[in-house]
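Small disclaimer: the values here were computed from a predicted structure and weren't measured.
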Amino acid sequence: MKKKLTPLVCGIVILAVLIVLYVVGSARKNKATDTQESAITQDEIGQKLSTNDNAIDILVENENGKYEFEKAKDNWKIKGYKEVILSNDAVNSMVNGVEGLYAVETIEENPQSVEKYGLNNPVATVSTKYKNKDQSILKVGSLSADKKYYYVQVDNSPSVYMVNANACSLFTGTMDDFVDKNVPKVNTNSIVYMEIDYKDKDDILVEYDKDNSLVKEYADKNGLATLVLKKPISDIVVYPYSLQATALEDASALNVEKLVDPKPAELSKYGLDNPEMEVVLKDRNTELTVKVGSQVQDDSDIDYRYVQINNRSEVFTMDQRALQSFFDADIVDFVQPFVALHSRSSVNKIEAENNDKKFNVEFKSEGENTFVKTKEGVEKDNRNAYVSGKLVKRELFSPFYQNIVGLSFDSILKENANVSGTPQAVITYVMKDGSKEKIEFYNYDDNYYVAKKGESSTLVVNKQSVRKLFLDAEKVLNGESVENSDSEKGQSS
């Protein structure tokens with residue numbers, strides 16, 4: 001019985017040994033395969049094709065053109081395009097690609113023909129000069145069948161190497177890949193200047209003016225920036241938040257898309273000799289100018305415009321959507337609708353008259369009733385107020401004065417109205433510094449006047465609002481209180 005079992009036991013042992021050997025062998029084979037695949041997918045595993053560094057000149061020739069990059073100190077320039085601002089990061093990436101290029105495999109050391117590798121007519125040739133006077137030439141042929149690798153040759157070596165396609169991508173690029181497309185970002189939370197010069201309509205100018213008496217007290221009181229409209233109408237308070245939500249809504253999206261022309265010979269080709277619009281934005285640290293030309297005519301689903309940024313000569317494209325809020329900007333959306341908002345502390349006298357009535361307001365410092373400073377250092381106007389020569393109590397005068405300076409306009413005309421003859425009403429402010437501001441009201445239609453301020457005659461004002469001021473003056477003189485049109489309009493302090 002034992003003799004019969006002995007061959008069976010031996011067979012089982014031999015089978016077990018064979019199984020163990022098979023498993024170990026398979027594991028080693030798989031590990032070798034994994035290592036080989038890992039080498040193929042990594043750029044820096046394999047033969048290094050360059051032994052030089054510190055490139056100072058790189059000539060790239062491909063189907064898109066011929067670009068020679070020259071290094072001056074720490075910056076790169078393109079020969080023949082000195083005004084073009086390059087992205088140093090992009091050029092350095094290409095330099096690193098040349099100096100740190102690895103072959104994942106040597107395909108053929110001494111090929112009889114390189115035509116099958118596309119090296120008889122390379123898609124790119126990169127000639128590099130180094131600081132140590134050495135030179136190198138890299139030829140990039142066709143892509144491999146799986147599109148993951150390029151076939152390349154280096155210098156005078158006949159060997160053909162396989163190089164990761166990503167490492168060669170910049171060698172086959174255009175100038176668009178190397179130009180600096182950075183657009184300065186203006187912080188709209190601290191905007192101090194916005195100017196929009198239009199080709200076919202009135203310009204808009206808003207600026208920060210901390211010393212402007214028109215808005216200083218209002219801005220300080222409400223904790224807002226002192227922004228003042230200067231064009232198309234001068235000296236109107238601007239709501240910063242409304243400005244951000246309208247004209248400046250898309251300011252953060254002002255990015256260029258594509259380089260069109262690095263060195264334009266004729267700006268008229270892009271409508272930039274006479275731009276459709278020029279936008280200038282400034283915060284406390286940054287300034288941005290965008291000149292907007294004609295619309296790009298192509299098959300894209302997105303509308304683009306030709307633009308120039310700041311003082312750069314290059315022509316880029318920009319998404320029309322980023323510019324739309326500036327094209328559509330309307331001052332009605334972000335200004336206070338007051339004809340002439342003046343704090344009483346900045347005014348000495350007001351004179352008003354219409355066809356059949358007149359009145360004046362005069363502020364006088366008398367005894368203790370003058371300008372005083374609070375403990376916080378704020379100047380307060382405690383002058384006596386006289387209406388047509390009669391001293392009026394503060395509780396009667398304050399709402400009356402608020403109605404005068406709170407006189408609002410209903411709309412703004414796109415162009416100056418044709419005004420002539422004698423105005424129907426006139427209000428003149430005599431300021432504390434001796435300057436004067438005159439507002440003349442001319443008939444626009446049965447219900448509205450056009451207010452003329454300086455050279456501008458675009459503010460449309462309800463006639464009843466103007467007539468009410470003269471009726472209010474009579475009430476105040478009779479010791480009667482007047483209804484405040486809007487308790488938050490004007491300033492009585």
* Say whether Ser435 and Asp433, considering side chains only, have a donor N or O and an acceptor N or O under 3.5 Å apart. => yes
* **Heavy-atom side-chain proximity of Asn416 to Ser456 below 4.5 angstrom** => yes
* Asked: Is the CG atom of Asp356 crowded by more than 12 outside heavy atoms at less than 6.0 Å?
  -> yes
* **Stacked cation flag Lys269 on Tyr306, 6.0 angstrom / 45 deg** => no
* Asked: Can you find a pair of side-chain heavy atoms, one from Lys291 and one from Tyr270, that are under 4.5 Å apart?
  -> no
* To do: Could you please spell out the steps behind the side chain to side chain contact (heavy atoms under 4.5 Å, CB included) verdict for Leu227 and Leu243?
  => CA-CA 10 Å; Leu227 294 175; Leu243 184 65; 4.2 Å; yes
* Asked: Is there a donor-acceptor contact under 3.5 Å linking the side chains of Asn348 and Arg383?
  -> yes
* To do: Return yes if a side-chain donor-acceptor contact under 3.5 Å exists between Asn255 and Lys185, otherwise no.
  => yes
* State plainly whether the residues Lys357 and Glu474 are in salt-bridge range, i.e. N to O under 4.0 Å. => yes
* Structure fact -> What one should report as the nearest heavy-atom pair of Glu257 and Met318 is CG-CA, 4.4 Å
* Asked: Taking Tyr67 for the side chain and Asn64 for the main chain, is one N or O donor matched with an acceptor at less than 3.5 Å?
  -> yes
* Structure fact -> Lys199 and Asn274 have their tightest heavy-atom pair at CE-ND2, 3.4 Å
* Please examine the side chains of Asn354 and Phe470, heavy atoms only from C-beta on, and report whether any two atoms are closer than 4.5 Å. => yes
* Asked: Are the aromatic ring centres of Phe359 and Phe400 under 6.0 angstrom apart?
  -> yes
* Could you tell me which non-hydrogen atom of Ser346 sits nearest to which non-hydrogen atom of His342, and how far apart they are? => OG-CB, 4.1 Å
* Should the pair Asp197-Lys231 be classified as a salt bridge under the 4.0 Å nitrogen-to-oxygen rule? -> no
* Reported CZ-to-NZ distance for the pair Phe316 and Lys258, which is rounded to 0.5 angstrom -> 12.5 Å
* Asked: Under a 4.0 Å N-O cut-off, is there an ion pair linking Lys364 with Glu366?
  -> no
* Asked: Can you tell me how far CG of Asn164 sits from OH of Tyr102, rounded to the nearest 0.5 angstrom?
  -> 13.5 Å
* Between Gln424 and Asn355, does any side-chain donor sit less than 3.5 Å from a side-chain acceptor? -> yes
* To do: Just do the side chain to side chain contact (heavy atoms under 4.5 Å, CB included) check on Leu248 and Ile191 with the steps written out, would you?
  => CA-CA 10 Å; Leu248 296 174; Ile191 196 83; 4.2 Å; yes
* Short side-chain to backbone donor-acceptor contact, Asp177 and Thr174, under 3.5 Å -> yes
* Asked: Going through the checks in order, is the side chain to side chain contact (heavy atoms under 4.5 Å, CB included) test met by Val292 and Val290?
  -> CA-CA 6 Å; Val292 183; Val290 183; 4.0 Å; yes
* Answer yes or no: does atom NZ of Lys438 have more than 12 heavy-atom neighbours from other residues, nucleotides or ligands under 6.0 Å? => no
* Asked: Would Glu368 and Asn382 count as a side-chain hydrogen bond (donor to acceptor under 3.5 Å, both in side chains) if you check the C-alpha gap in whole Å, the side-chain angles of each, and the deciding distance to 0.1 Å?
  -> CA-CA 8 Å; Glu368 295 180 353; Asn382 286 340; over 6 Å; no
* State, to 0.1 Å, how close Ile439 and Ala340 come at their nearest heavy-atom pair, and which atoms those are. => CD1-CB, 3.8 Å
* Asked: Do Asn403 and Asp472 have a side chain donor and acceptor closer than 3.5 Å?
  -> yes
* Asked: How about Glu83: does its CD atom have over 12 heavy atoms from other parts shown lying under 6.0 Å from it?
  -> no
* Verdict with reasoning, Gln295 to Asp303, per side chain to side chain contact (heavy atoms under 4.5 Å, CB included) -> CA-CA 7 Å; Gln295 191 167 324; Asp303 292 331; 3.4 Å; yes
* Any side-chain heavy-atom pair of Thr289 and Glu278 under 4.5 Å -> yes
* Would you say Lys82 has more than 12 foreign heavy atoms packed within less than 6.0 Å of its NZ? -> yes
* Can you measure from CG (Asn54) to CD (Glu99) and round to the nearest 0.5 angstrom? => 6.5 Å
* **Within 6.0 Å of OH in Tyr81, more than 12 heavy atoms from elsewhere** => no
* Asked: Roughly how far apart are Lys393 NZ and Ser481 OG, rounded to 0.5 Å?
  -> 12.0 Å
* Asked: Are there more than 12 heavy atoms of other residues, nucleotides or ligands under 6.0 Å from atom CG of Asp146?
  -> yes
* Structure fact -> Tightest non-hydrogen contact, residues Ile233 and Thr458, listed as CD1-OG1, 3.3 Å
* Asked: Rounded to the nearest 0.5 Å, how far apart are CZ of Phe338 and CG of Leu407?
  -> 10.0 Å
* Inspect the surroundings of CD in Glu395 and state if more than 12 heavy atoms from other residues, nucleotides or ligands are less than 6.0 Å away. => yes
* Asked: So is Lys463 actually on top of Tyr449's ring, under 6.0 Å and inside 45° of the axis?
  -> yes
* Is it true that Phe178 and Phe69 have ring centroids separated by less than 6.0 Å? -> yes
* Evaluate the side-chain proximity of Phe334 to Ile204: yes if any heavy-atom separation is below 4.5 Å, no if none is. => yes
* **Val466 side chain near Val461 side chain, heavy-atom distance below 4.5 Å** => yes
* Asked: Any salt bridge between Lys77 and Glu70, counting N to O under 4.0 Å?
  -> no
* To do: Using a cut-off of 6.0 Å, state whether more than 12 heavy atoms not belonging to Lys201 lie near its atom NZ.
  => yes
* At their closest point, which heavy atom of Ala165 faces which heavy atom of Lys147, and how far apart are they? -> CB-O, 4.0 Å
* Asked: Side-chain contact, heavy-atom cut-off 4.5 Å: Leu259 with Val179?
  -> yes
* What's the verdict on side-chain hydrogen bond (donor to acceptor under 3.5 Å, both in side chains) for Asn75 and Asn88, showing C-alpha distance, side-chain angles and the deciding distance? -> CA-CA 6 Å; Asn75 294 316; Asn88 282 320; 2.7 Å; yes
* To do: Compute whether any side-chain donor of one residue and acceptor of the other, for Glu61 and Thr125, lie under 3.5 angstrom apart.
  => no
* Asked: Is there a side-chain contact between Thr428 and Glu437, using heavy atoms and a 4.5 Å cut-off?
  -> no
* Asked: Is it true that Lys66 and Glu68 have a side-chain N and a carboxylate O under 4.0 angstrom from each other?
  -> no
* Asked: How many angstroms lie between atom CZ of Arg344 and atom CD1 of Ile350, to the nearest 0.5 angstrom?
  -> 10.0 Å
* **Within the 6.0 Å centroid threshold, strictly below: Tyr386 and Phe397** => no
